[in-house]
*Asks:* 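First the structure, which I've put down as structure tokens, then a few questions once you've had a look.
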There are 2 protein chains.
Amino acid sequence: MSIRRESAGESSSMAASTGAPNSIRPRIFELGNDQNRLLIATDPQDRATLQPFLEPVTLLPGEVLLDVGQPIDYVYFPQSGVISLLTMVQPDQFVETCTIGREGAVGLVTGLGSGVSLSRVVVQIAGRALRMRSATLREILPNTPSLSDIKMRYGEALISQVLQTLACNTLHSVEERLCRWLLICRDRTASNTVPLTQEALAEMLGVQRTTVTASARSLQERGFIRYRRGVIECTDVTGLQETSCECYALMRDTFERLLPYTYTDPPKDQL
Amino acid sequence: MSIRRESAGESSSMAASTGAPNSIRPRIFELGNDQNRLLIATDPQDRATLQPFLEPVTLLPGEVLLDVGQPIDYVYFPQSGVISLLTMVQPDQFVETCTIGREGAVGLVTGLGSGVSLSRVVVQIAGRALRMRSATLREILPNTPSLSDIKMRYGEALISQVLQTLACNTLHSVEERLCRWLLICRDRTASNTVPLTQEALAEMLGVQRTTVTASARSLQERGFIRYRRGVIECTDVTGLQETSCECYALMRDTFERLLPYTYTDPPKDQL
DNA sequence: ACAATTCTGTTCGTAAGCGGACATAAAATA
DNA sequence: TATTTTATGTCCGCTTACGAACAGAATTGT
């Protein structure tokens with residue numbers, strides 16, 4: 001609830017997979033949990049168990065899904081869009097610790113522990129998600145072994161991502177980190193278009209807006225990106241990868257190792 | 001195994017709590033699991049279950065308890081000393097993501113998940129620990145509800161510490177971070193003496209050695225610390241707290257909230 | 001006691017990024 | 001269309017920290 005419309009401008013190169021956007025659709029189709037990697041990786045039987053409890057919601061940019069100290073009532077499985085976990089340093093100062101998209105979930109790990117959020121969770125890029133009550137999931141989990149396994153793996157993948165981000169923020173330049181962020185975002189959204197202001201990027205990276213502007217300009221001059229007000233487009237992925245630090249590749253590889261997304265391929269699990 | 005002697009120079013202000021140091025003692029006493037906070041917080045009945053599997057070991061400075069990609073065979077419950085989790089960026093470049101002492105454990109969380117280490121785990125300051133095979137703990141866990149609970153809480157406390165460190169490293173100056181580190185170390189060891197080289201500190205903080213030297217000199221001039229080759233002594237904790245960023249207090253508070261150490265209150269412990 | 005090693009002190013030029021300010025331009029709103 | 005809001009462009013002085021180099025001092029090992 002509290003969520004209604006779809007943001008404009010998300011269609012561009014992204015709508016390809018499901019066809020033309022259409023706000024009113026039979027629910028059964030819109031519910032399609034074939035867009036969230038964790039759900040994809042879940043064994044069909046377990047997926048069937050989850051299905052009745054999954055509720056489709058729209059993620060609006062800027063929306064705060066959770067805040068520090070708040071009880072985690074829902075687990076979100078994004079189907080599109082990008083969500084940030086932010087850690088608070090001062091009441092008005094936040095740093096992004098983690099980026100979540102259709103490859104993951106919000107609240108799956110912490111939500112089933114103490115049940116209280118350690119981070120502020122904000123929608124950065126509009127999208128859709130399937131959500132489910134944490135309490136329900138907690139009850140179901142013992143009966144859905146594949147999901148339990150995925151939860152464990154995803155928990156480690158998340159930690160791994162945070163650890164790498166920590167090292168990266170500590171050691172690497174803003175330019176490198178900006179490239180990393182754009183590349184990750186690109187993977188999350190399956191789109192070269194990153195609909196974010198430089199100001200938003202600056203806050204996530206924990207740097208000044210002017211520094212982002214300078215980096216962005218430099219990247220544009222080299223032809224790696226092109227940007228206009230509120231949008232950055234990746235025009236040369238190879239260039240971005242070369243300019244980025246190795247953290248992007250490391251994070252990507254670690255994720256694939258922990259959660260290979262051919263997981264369902266055979267009946268259940270391998271590895 | 002592979003561990004024998006005790007490092008010199010760890011006694012100073014620390015031996016107060018348990019009386020005069022004595023290297024040869026009846027094992028039953030040395031085993032005393034009343035020094036590790038997680039074990040202290042465990043219900044006596046569960047502790048009795050664990051007891052026979054806990055093996056005392058000495059932690060030698062520089063010792064690598066675990067490395068990236070290695071299977072996690074043991075869970076360590078430090079009784080003294082300080083251990084760092086390091087994330088690798090390049091084969092020769094590491095950043096500390098987490099500091100662990102007698103308030104926590106190594107391998108308790110990740111060790112029982114995929115069982116493969118995401119970090120390099122290194123002993124920074126000599127000490128002792130009780131260790132136990134991960135496989136054994138995994139079997140026992142369902143029968144020790146208080147330990148399960150603690151594992152969950154500690155997992156969150158760890159994540160919280162990493163998140164805060166991430167934000168801190170991203171936003172705060174080396175001086176602030178150095179103060180934070182010293183204060184945390186002081187809590188871990190219950191001693192004002194930090195037996196570490198500036199070089200080691202630099203690597204953990206992910207900065208240049210000369211920068212640490214400069215900060216250390218400045219702190220010494222202000223009377224907050226005093227240092228000599230390989231040792232830093234905290235001489236004015238209040239000064240350090242004021243010079244440190246708020247992250248120290250935040251980390252401390254979060255930890256106490258998630259793992260209040262009056263958990264068992266009555267039987268033993270003080271501190 | 002001597003040599004080798006390991007820390008620390010110090011210097012210095014340079015680069016990255018901060019922080020603040022102000023102008024301009026594009027959107028959103030009325 | 002006019003107005004307000006929001007995003008970007010740009011400038012500049014300043015601080016922090018890097019990076020590299022070398023000297024001196026404390027330890028350790030022999």
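This one's a predicted model, so the numbers in the text were calculated from it and none came from an experiment.
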*Asks:* Starting from C1' on C:dT8, measure out to CD1 on B:Ile225 and report it in whole angstrom.
*Replies:* 13 Å
*Asks:* Distance alone, cut at 3.5 Å: any donor-acceptor contact between the side chains of B:Thr213 and B:Arg217?
*Replies:* no
*Asks:* Please determine if A:Arg37 and A:Glu103 form a salt bridge, counting it only when a charged side-chain N lies under 4.0 Å from a carboxylate O.
*Replies:* no
*Asks:* In whole angstroms, how far is the P atom of C:dA16 from the CD atom of A:Glu176?
*Replies:* 10 Å
*Asks:* Quick one about B:Ser84 and B:Gln124 (side-chain donor to acceptor, distance below 3.5 Å, no hydrogens or angles considered), yes or no?
*Replies:* yes
*Asks:* Does either side chain, that of B:Asp187 or that of B:Tyr248, offer a donor lying less than 3.5 Å from an acceptor on the other one?
*Replies:* yes
*Asks:* Rounded off to whole Å, could you give me the CD-to-C1' distance for the B:Glu203 and C:dT6 pair?
*Replies:* 15 Å
*Asks:* Closer than 4.0 Å, any side-chain N/O of A:Tyr227 to the OP1 or OP2 of D:dG9?
*Replies:* yes
*Asks:* Quick one: CD1 on A:Ile225 to CG on A:Leu219, what's the gap to the nearest 0.5 Å?
*Replies:* 4.5 Å
*Asks:* How many angstroms lie between OG in B:Ser244 and CD in B:Glu242, if you round to the nearest 0.5 Å?
*Replies:* 10.5 Å
*Asks:* Starting from C1' on C:dA27, measure out to CD on A:Gln198 and report it in whole angstrom.
*Replies:* 16 Å
*Asks:* Taking only Lys NZ, Arg NE, NH1 and NH2, and the carboxylate oxygens of Asp or Glu, determine whether A:Arg209 and A:Glu203 approach each other closer than 4.0 Å.
*Replies:* no
*Asks:* Would you check if there is a donor-acceptor pair between the side chains of A:Thr210 and A:Gln208 at a distance under 3.5 Å?
*Replies:* yes
*Asks:* Calculate the interatomic distance between B:Leu201 atom CG and C:dT6 atom P; express it in whole Å.
*Replies:* 18 Å
*Asks:* Run the salt-bridge test on A:Arg222 and A:Glu175 with the 4.0 Å N-O cut-off and return the result as yes or no.
*Replies:* yes
*Asks:* Find the distance B:Leu171:CG to C:dA16:C1' and express it as a whole number of Å.
*Replies:* 16 Å
*Asks:* Enumerate all atom pairs, one protein N or O and one N or O from nucleotides 26-29 of chain D, separated by less than 3.5 Å.
*Replies:*
from	atom 1	to	atom 2	distance (Å)
D:dA26	N3	B:Arg229	NH1	3.4
D:dA26	N3	B:Arg229	NH2	3.4

*Asks:* Would you tabulate the nitrogen or oxygen pairs shorter than 3.5 Å linking the protein to nucleotides 16-20 of chain D?
*Replies:*
from	atom 1	to	atom 2	distance (Å)
D:dA17	OP1	B:Val174	N	2.6
D:dC18	OP2	B:Gln208	N	3.2
D:dC18	OP2	B:Thr211	OG1	2.5
D:dG19	N7	B:Gln208	NE2	2.7

*Asks:* In this structure, how many angstroms lie between the P atom of C:dT8 and the CZ atom of B:Arg217, rounded?
*Replies:* 14 Å
*Asks:* To the nearest angstrom, how far is A:Arg177 atom CZ from C:dA16 atom P?
*Replies:* 14 Å
